[in-house]
Amino acid sequence: MPELPDVEIYRRRFERSTRGRRVEGVEARDSQVLVGVGGRRLDRDLRGVRFTGTQRRGKTLYGVTTDGPHLRLHFGMTGDLVVLDKGPCQGEPRHTRVVFGLSGGRRLLFVDQRRLGEVGVVQDVDADIADHDLGPDALDLAPPELASLLRKSQAGLKAFLVDQSQLAGLGNIYTDEILFQARLDPRTAAADVGDSGVRRLHRQLHRVVDRAVAAEADPQAMPRGWLIHRRDDGAACPRGNGSIRSFSVGGRRGYWCPGCQAGRH
DNA sequence: GGCAATGTTAGCCG
DNA sequence: TCGGCTAACATTGC
């Protein structure tokens with residue numbers, strides 16, 4: 001779930017659900033996901049505050065307060081943000097790790113099956129972004145900046161796109177989709193992507209992310225022609241251009257269509 | 001039981 | 001120094 005589109009959905013959900021409400025208390029059910037704070041301090045730091053907005057950099061979400069500390073959320077592999085209003089049938093889902101109690105009986109839940117997510121508090125959002133060495137948000141990159149980052153890199157294209165210090169937000173699944181839509185070979189060197197390749201990459205990055213957000217990051221609601229429905233070795237290419245193959249990058253499995261993408265840059 | 005799964009990061013090697 | 005690879009983190013489901 002949590003790549004840039006998912007986190008953007010969470011960001012909007014966070015903003016909508018906290019607007020006009022105060023934090024009445026924070027309950028850490030599982031201190032494993034807490035980073036740099038204990039449960040007591042998390043509660044003490046946030047009790048009584050109103051969030052004035054949100055900020056997202058790549059896959060990291062911040063709940064911003066007037067004078068800090070600000071809430072920092074990272075969703076790992078299985079993190080989710082759930083809003084529960086008071087009323088019947090409002091039981092907490094399994095794997096609820098942290099509960100933010102809001103005024104009016106609303107609860108905001110950090111749910112994370114695998115517990116690789118992180119909940120913490122930071123004094124300064126920009127300093128935190130620097131600490132984590134996050135590059136510009138993937139959606140904030142104009143084509144010339146993208147071109148310049150690509151040219152400076154010595155990495156392969158797929159490795160470049162998932163590197164959060166180059167551009168923040170893309171992960172395994174959406175980089176595969178963007179490369180497929182842009183008809184770029186994931187094996188080419190980032191620096192070898194030509195002008196037309198950069199333009200296609202930029203356009204498809206935005207198109208894929210925008211449509212994924214519009215689909216509420218639910219793959220079922222994404223276009224039929226997308227690779228996301230064919231992440232299987234030997235699956236048929238959605239364009240009828242042969243079969244999908246997998247490859248390995250940085251310990252994960254990537255998928256591509258040699259018929260559409262091989263040799264293209 | 002084995003394996004893989006949307007992320008991050010430390011350690012190793014070339 | 002950089003990039004690529006592996007393992008580890010923790011949990012679940014096929």
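Being a predicted model, the structure only gives us computed values, none of them experimental. Labels below follow one simple rule: chain letters A, B, ... track the order of the sequence lines, proteins then strands, and each chain is numbered from 1. Only heavy atoms go into these numbers, but all of them, side chains included; no hydrogens, no water, no symmetry mates.
- We find that A/E8 and A/R11 are joined by a salt bridge, their nearest charged nitrogen and carboxylate oxygen being less than 4.0 Å apart.
- More than 12 non-hydrogen atoms from other residues, nucleotides or ligands lie less than 6.0 angstrom from CD of A/E145.
- Of all nucleotides listed (B/dA5, B/dT8, B/dT9), B/dT9 comes nearest to the side chain of A/H132.
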For DNA chain B, the dot-bracket notation using Watson-Crick and G-U wobble pairs below 3.5 Å, [ ] for pseudoknot-type crossings and | for other-strand pairs, is .||||.||||||||
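- Note: A/Y10 and A/F75 have tilted aromatic rings, judged against thresholds of 30 and 60 degrees for the angle between ring planes.
- For the pair A/R106 and A/D85, the salt-bridge criterion is met [side-chain N within less than 4.0 Å of a carboxylate O].
- The listed nucleotides are C/dG4, C/dG3, B/dT8; the one nearest the side chain of A/Q164 is B/dT8.
- Distance OH (A/Y10) to P (B/dG7): 12 Å, rounded to an integer number of Å.
- Among the heavy atoms of the strands, none lies under 4.0 Å from A/G117.
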Decide side-chain hydrogen bond (donor to acceptor under 3.5 Å, both in side chains) for A/R21 and A/S103; before the verdict, give the C-alpha distance in whole Å, the side-chain angles of both, and the deciding distance to 0.1 Å.
CA-CA 5 Å; A/R21 293 177 195 250; A/S103 47; 5.5 Å; no
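- Here A/K158 does not reach the OP1 or OP2 of C/dG4: none of its side-chain N or O atoms lies under 4.0 Å away.
- The P atoms of C/dT6 and B/dC3 are separated by 15 Å, rounded to the nearest whole Å.
- Residue-level contact check: A/G171 touches the backbone only, with heavy atoms under 4.0 Å from sugar-phosphate atoms and none from bases.
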Would you list the atom pairs, donor with acceptor, under 3.5 Å between side chains in residues 116-127 of chain A and any protein atom, with sequence neighbours excluded?
unit_1 : atom_1 : unit_2 : atom_2 : d
A/E118 : OE1    : A/R72  : NH1    : 2.9
A/D124 : OD1    : A/D126 : N      : 3.0
A/D124 : OD1    : A/A127 : N      : 3.1

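- Using a 4.0 Å heavy-atom cutoff across all strands shown, A/G250 reaches at least one base atom of the nucleic acid.
- Between A/Y255 and A/F247, the ring center distance fails the sub-6.0 Å criterion.
- Under the 4.0 Å criterion applied to side-chain N and carboxylate O atoms, A/D80 and A/R13 are assigned as salt-bridge partners.
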Would you tabulate the nitrogen or oxygen pairs shorter than 3.5 Å linking the protein to nucleotides 8-10 of chain C?
unit_1 : atom_1 : unit_2 : atom_2 : d
C/dA10 : O4'    : A/R114 : O      : 3.3
C/dA10 : O3'    : A/R115 : NE     : 2.9
C/dA10 : O3'    : A/R115 : NH2    : 2.8
C/dA10 : N1     : A/R114 : NE     : 3.0
C/dA10 : N1     : A/R114 : NH2    : 2.4
C/dA10 : N3     : A/R114 : NE     : 3.1

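- The phosphate of B/dT8 has OP1 or OP2 within less than 4.0 Å of a side-chain N or O from A/H74.
- A/Q261 places no side-chain N or O within donor-acceptor distance of the main-chain N or O of A/R183, the cut-off being under 3.5 Å.
- Of the candidates C/dG3, B/dA5, B/dG7, the closest approach to any side-chain atom of A/Q154 belongs to C/dG3.
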